[in-house]
Amino acid sequence: MSAPQVVTRIAPSPTGDPHVGTAYQALFNSVFARQHDGKFVVRLEDTDRSRYNAASEGRILDMLDWLGTVWDGLKPDASPRREDEFGPYTQSERAGLHRQYAEQLLESGAAYRAFDTPEELGERRKAAEDRKDSYLGYDRRDRTLSREESDGRAAAGEAFVIRLAAPLEGQTTVRDRLRGDVVFSNAELDDKVLLKRDGFPTYHLAAMVDDHLMGVTHVIRAEEWLTSTPIHQLILQGLGWAEPEWIHTPWLLSKGGKKYSKRRGDPSVEDFRKMGILPEALLNYLGMMGWSMPSGDDGAAQEVFSPAEMVEHFTWERVSLGGSTFDVEKLRWLNGKYIREVLSLDDVVNRVHAFGAEQGYAEGIGKNEYFRAVVAMMLPRFETLAEFWEKTTYFFSEDYSINDKAAKLIEGGRELLPKLHTTLAALPDFAHDTTEAALRQLAEAEGVKPGKVMQPLRAAIAGTSESPGMFEMLEAMGQGRVLERVARVLNAEMPLGGQDSPVY
RNA sequence: GGCCCCAUCGUCUAACGGUUAGGACACUACCCUUUCAAGGUAGCGAUACGGGUUCGAAUCCCGUUGGGGUCACCA
C-alpha cells in the first residue's frame, strides 16, 4: 500500500458543543482530500485535561456521522471510532509519544526546562503589561540555566515544563497556500510551552508530532493558527521533519463581525439539527462561505451544490480571504430550497416524519397516505423540519386552537356557515374538483366572491387564515372530518377568539 | 500596546487591467391567487479613503482608516 499523496485532518477539541467551525473545517479538509484520492482523518485533541468533556467527544463524532449521511467523502478514513495503523486517534493516548519527542528536543538543545510556577509567570506577565511592554511572552528566565542545574533540579523532583528555545534573531517565513509568504521576526516569537507540568503536551507539540506521524500532508485549519505557525515550523525543524503545506482558511463570523462562537449565542450544529436544518443544506451553505462555485455562462453563480460537486470544481484560488458572516436566514432559505426543489417528496416525507419522531412532534401520527398528502401540500410552506410541525397541528388533532384572525373570519361568515355545511354534506365525494365546483357555485349563488365563502371555511377547519390550498386540504382531510369541524364551529354559542380559545 | 491577516451592495459573493461592477439572501413594488407560502417580473443597494503605476485600476504598488486574530502550563 503506497502512502496517499494527500492526507488531511481535522483536530477538534472535546470541550463543548459540536462547533459549526468544526463542520466547516471537516468540509474543506474532506473535499480537498477526496479531490486528490487522499485520506481524511479525525483526531481528537483532548490533551487539556482540565477542560475535557467526555460527552462532548461523542457528540462531535456523532455530528460528523450525521453530516456523513449525505456524503461518503465526509466519513473519515480514520478516527477514534475507526482506528488504523497510524492511530490511536485520541491524542491523550499518545502522550507517551509526545513526551518522548519533547525529551528529544531537550536533548538536542532545541528546548529547555523551565521551573517557573504559574503564579510567578502571572506576576511577571502582569508587570510586563503594567510597564506596557510590547513583548508579552515568556521572559525566558530559565533559558540560560546550565544543563547541570536543570538536570539536577529535575532529578530532585522540582516541577517543570519544557519550552521551545525559539531563535532570538532572524526571521521565519511561513508559506501559506492562500496568502503567500508571511514573514515573522524571530524576536517576536515566544518560547512556547511544549510539555506541560502534568506531562501532557500542548497543542503546538502534539499537533506537529501527530501530524507528522500520521502522514498529514496538508494542514488545513482556521486562520487563528497563522501566527503560531512559525513555532510549529521550529518544532518540525528541531525534530528534523519536513513541513506540510500550510493552508489557513478564512474566518466564520457571527453578526457583528466577531468570531462565530457558541459562547456568543451562535447556534451549534446540534442546534441546527434540532431546528430541522438538513445536513445537505448546512454543508451546501458552509461550502459557499469563503468559496464559490464557478459561475456558468449566464454569469450567475450556482448556489445549490453538493460536496461531490464541490470536489469537481474546488480550487484554493477561489477561496476568498475576508471572513464570512454566517447568515441563518440564508441557511433557512437554502434549506427550504432543498425541501421543495432538491429532495424527492418521498425523501421529505421520511425526513419530516423521522424528525418529528425524534423531537417528539409525531406522537401517534403515522407515516401514511394522509401524512404524505399533508407534506405534499405544505412543501412550499416550510423551510425547516420543525416549522412543518409547528404549522400543521390542525391536520393531526381535533384539539386545534382558533386564532383571533380566524375567529373574526368565522364571525364575518357566520350566516354562510350553515349553507356551507349543507352544501358540503350533500357532496358525493370530496375530490378536489368536486369541492371546488361546489364552493364556487355557492359563492355565485350568494353573489359573493369565492374568498367570502372560503375564508370562513378555512378558519373553521384550520383555526388559522394561513393554510395550503382549500381543495387539496378538503380532499386530504375528508368529508367526515371537515363536516364535524364545521358543525362544531357552527354550534359554538359564544363568539370565538383569542389565541388559545378552543373550538368548542 | 507589539506582531500578523483581511477589506466589492446590510449579508454571501462574481470580476483574474478594459463590464451600464454580475448573481444570491434580505427588503420594496407588481403579477399569479381562496388565505399563507412558493413562483415570476421589476426596483433599492457596493468597489473604505488618499496617493501612485498605466492609454485604461475593484483588480498592481505605497500610505491611511477600519475590522479581525495572536501574544495561556487552551486548543
Side-chain angles (χ1 to χ4, degrees), chain A residues 11-13 15 45-48 50-51 114 116-118 121-122 125 129 132-138 159-163 174 176 178-179 182-185 187-190 192-198 200 202-204 206-207 222-230 248 250-251 253 255 257-259 285 288-296 298-303 317-318 320-327 329-334 336 340-341 378-383 391 405-406 409 436 439-440 443 449-455 457-459 462 464-471:
Chain A
S13 184
T15 53
E45 309 239 319
D46 59 345
T47 53
D48 182 353
S50 63
R51 292 204 309 159
D116 321 73
T117 65
L121 287 177
R125 186 196 161 89
E129 279 169 6
K132 296 202 191 308
D133 284 358
S134 59
Y135 175 84
L136 294 173
Y138 178 54
F160 62 86
V161 299
I162 294 181
R163 284 183 181 270
V174 174
D176 180 80
L178 300 176
R179 283 157 258 262
V182 182
V183 181
F184 294 85
S185 162
E188 298 288 335
L189 269 26
D190 193 2
K192 288 290 179 204
V193 169
L194 265 22
L195 198 73
K196 298 179 274 189
R197 236 167 221 257
D198 63 5
F200 280 95
T202 57
Y203 171 87
H204 305 296
E223 189 182 330
E224 60 183 317
W225 294 110
L226 183 57
T227 48
S228 44
T229 305
H248 293 94
W251 288 101
L253 309 170
K255 278 212 160 48
K258 299 272 194 272
K259 176 180 168 181
Y285 184 72
M288 52 200 230
M289 298 295 273
W291 183 78
S292 61
M293 197 72 162
S295 45
D298 58 353
Q302 186 182 337
E303 299 267 326
E317 283 62 39
R318 294 192 67 84
S320 57
L321 295 176
S324 311
T325 305
F326 199 103
D327 181 1
E329 274 307 307
K330 189 159 183 175
L331 206 211
R332 290 176 59 94
W333 164 79
L334 232 203
R340 75 185 95 90
E341 293 178 19
M378 284 299 293
L379 220 49
R381 298 178 170 83
F382 64 103
E383 290 186 320
K391 289 184 168 179
K405 200 169 171 193
L409 285 167
E436 172 161 17
L439 290 178
R440 289 192 189 284
K449 287 183 177 173
K452 271 289 176 199
V453 322
M454 283 192 254
Q455 281 294 73
L457 176 58
R458 181 192 317 280
T464 166
S465 58
E466 300 172 12
S467 85
M470 188 81 257
F471 315 115

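Order of the sequence lines sets the chain letters (A, B, ...), proteins ahead of strands, with each chain counted from 1. Just so it is clear, the values below take in all heavy atoms, side chains as well, and ignore hydrogens, waters and symmetry mates.
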Practice task
Give A:Ser292 one of three labels, base, sugar-phosphate or nothing, depending on what nucleic acid heavy atoms sit under 4.0 Å from its own.
Solution key: sugar-phosphate

Quick one: which protein N/O atoms are closer than 3.5 Å to N/O atoms of nucleotides 59-61 of chain B? Pair and distance per line, please.
none

Exercise for the section: Verify the contact: side-chain N or O of A:Ser324 to OP1 or OP2 of B:rU13, cut-off strictly under 4.0 Å; return yes or no. Expected result: yes

Problem - Selected nucleotide, minimal atom distance to A:Glu188 side chain, candidates B:rC5, B:rA75, B:rG2 - result: B:rG2

Handout entry: B:rU34 phosphate, OP1 or OP2, under 4.0 Å from A:Arg440 side-chain N/O
Key = yes

Practice task
List the steps, then state whether side-chain hydrogen bond (donor to acceptor under 3.5 Å, both in side chains) holds for A:Tyr285 with A:Asp327.
Solution key: CA-CA 9 Å; A:Tyr285 184 72; A:Asp327 181 1; 5.4 Å; no

Exercise for the section: Describe the nucleic acid contact of A:Ser467 in one word from base, sugar-phosphate, nothing, applying a heavy-atom distance below 4.0 Å. Expected result: base

Completion exercise
note: A:Arg458, atom CZ; B:rU33, atom P; distance rounded to Å ~ 15 Å

Exercise for the section: Name the pairing partner of B:rC60, where a pair is Watson-Crick or G-U wobble with both distances under 3.5 Å, or state none. Expected result: B:rG52

Handout entry: Side chain of A:Lys192 (C-beta onward), nearest among B:rA15, B:rA72, B:rU35
Key = B:rA72

Practice task
Select base, sugar-phosphate, or nothing to describe what A:Leu136 touches, counting heavy atoms under 4.0 Å on all strands.
Solution key: base

Exercise for the section: Classify the nucleic acid contact of A:Leu379 as base, sugar-phosphate or nothing, counting any heavy atom under 4.0 Å across all strands shown. Expected result: nothing

Problem - Beyond-backbone contact of A:His248 with A:Leu178, side-chain heavy atoms, under 4.5 angstrom - result: no

Practice task
Using a heavy-atom cut-off of under 4.0 Å over every strand shown, decide if A:Pro12 touches base, sugar-phosphate, or nothing.
Solution key: nothing

Exercise for the section: Quick one: label A:Phe326 by what it contacts on the DNA or RNA (base, sugar-phosphate, nothing), any heavy atom closer than 4.0 Å. Expected result: nothing

Practice task
Go ahead and name the base partner of B:rU8; Watson-Crick or wobble counts if both distances stay under 3.5 Å, otherwise write none.
Solution key: none

Problem - Candidate nucleotides B:rA37, B:rA75, B:rA26, ranked by approach to the side chain of A:Pro380 - the nearest - result: B:rA37

Exercise for the section: Look at A:Lys259 together with A:Glu223 and state whether they make a salt bridge at an N to O cut-off of under 4.0 Å. Expected result: no

Exercise for the section: Describe the nucleic acid contact of A:Met470 in one word from base, sugar-phosphate, nothing, applying a heavy-atom distance below 4.0 Å. Expected result: base

Problem - Minimum-distance pair of heavy atoms, taken over all atoms of A:Glu466 and A:Thr464 - result: N-OG1, 3.0 Å

What are the atom names and distances for every N/O pair under 3.5 Å that joins the protein to nucleotides 64-69 of chain B?
{"residue": "B:rG68", "atom": "OP1", "partner": "A:Lys258", "partner atom": "NZ", "Å": "2.1"}

Handout entry: Quiz item: A:Lys330 side-chain donor-acceptor pair to B:rA26 base, under 3.5 Å
Key = no

Practice task
Would you mind classifying the nucleic acid contact of A:Glu303 as base, sugar-phosphate or nothing, using non-hydrogen atoms under 4.0 angstrom?
Solution key: base

Practice task
Would you name the heavy atoms of A:Ser324 and A:Gly290 that are closest together and state the gap between them?
Solution key: OG-N, 3.4 Å

Exercise for the section: Have a look at A:Ser185 and say if it touches a base, only the backbone sugar-phosphate, or nothing, with a 4.0 Å heavy-atom cut-off. Expected result: nothing

Handout entry: Spacing of A:Leu439 atom CG relative to B:rU33 atom C1', expressed in whole Å
Key = 16 Å

Practice task
Answer yes or no: side-chain N or O of A:Arg179 and base N or O of B:rC5 forming a donor-acceptor pair under 3.5 Å.
Solution key: no

Practice task
Among the candidates B:rC25, B:rC12, B:rA75, find the nucleotide nearest to the side-chain atoms of A:Glu329.
Solution key: B:rC25

Completion exercise
Pairing partner of B:rA46, by Watson-Crick or G-U wobble and under 3.5 Å for both distances, is none

Exercise for the section: Please determine if A:Glu329 and A:Lys255 form a salt bridge, counting it only when a charged side-chain N lies under 4.0 Å from a carboxylate O. Expected result: no

Handout entry: Side-chain N,O (A:Arg318) to OP1/OP2 (B:rA15) below 4.0 Å
Key = yes

Exercise for the section: Using a heavy-atom cut-off of under 4.0 Å over every strand shown, decide if A:Asp133 touches base, sugar-phosphate, or nothing. Expected result: nothing

Practice task
Report which part of the nucleic acid A:Gly469 touches: base, sugar-phosphate, or nothing (heavy-atom distance under 4.0 Å, all strands).
Solution key: base

Practice task
Identify whether any heavy atom of A:Val161 sits under 4.0 Å from a base atom; if not, whether one sits that close to sugar-phosphate; answer base, sugar-phosphate or nothing.
Solution key: base

Exercise for the section: Identify the two heavy atoms, one from A:Glu383 and one from A:Trp333, that lie closest to each other, and give their separation to 0.1 Å. Expected result: OE2-CA, 3.7 Å

Problem - Complementary nucleotide for B:rC32 - Watson-Crick or wobble, under 3.5 Å - result: none

Check nucleotides 39-47 of chain B against the protein and report each pair of N or O atoms closer than 3.5 Å, with its distance, or say if there are none.
{"residue": "B:rG39", "atom": "OP1", "partner": "A:Arg340", "partner atom": "NH1", "Å": "3.2"}

Problem - Candidate nucleotides B:rA75, B:rG2, B:rC5, ranked by approach to the side chain of A:Ser134 - the nearest - result: B:rG2

Problem - A:Arg458 and A:Met470, any side-chain heavy atoms less than 4.5 Å apart - result: yes

Practice task
Check every strand shown and say whether A:Arg163 touches a base, only sugar-phosphate, or nothing at a heavy-atom separation below 4.0 Å.
Solution key: sugar-phosphate

Handout entry: Beyond-backbone contact of A:Thr202 with A:Val161, side-chain heavy atoms, under 4.5 angstrom
Key = no

Practice task
May I ask you to evaluate whether A:Thr202 reaches the phosphate of B:rC73, defined as a side-chain N or O under 4.0 Å from OP1 or OP2?
Solution key: no

Exercise for the section: Just call it for A:Thr117: base, sugar-phosphate, or nothing, with non-hydrogen atoms closer than 4.0 Å on any strand. Expected result: base

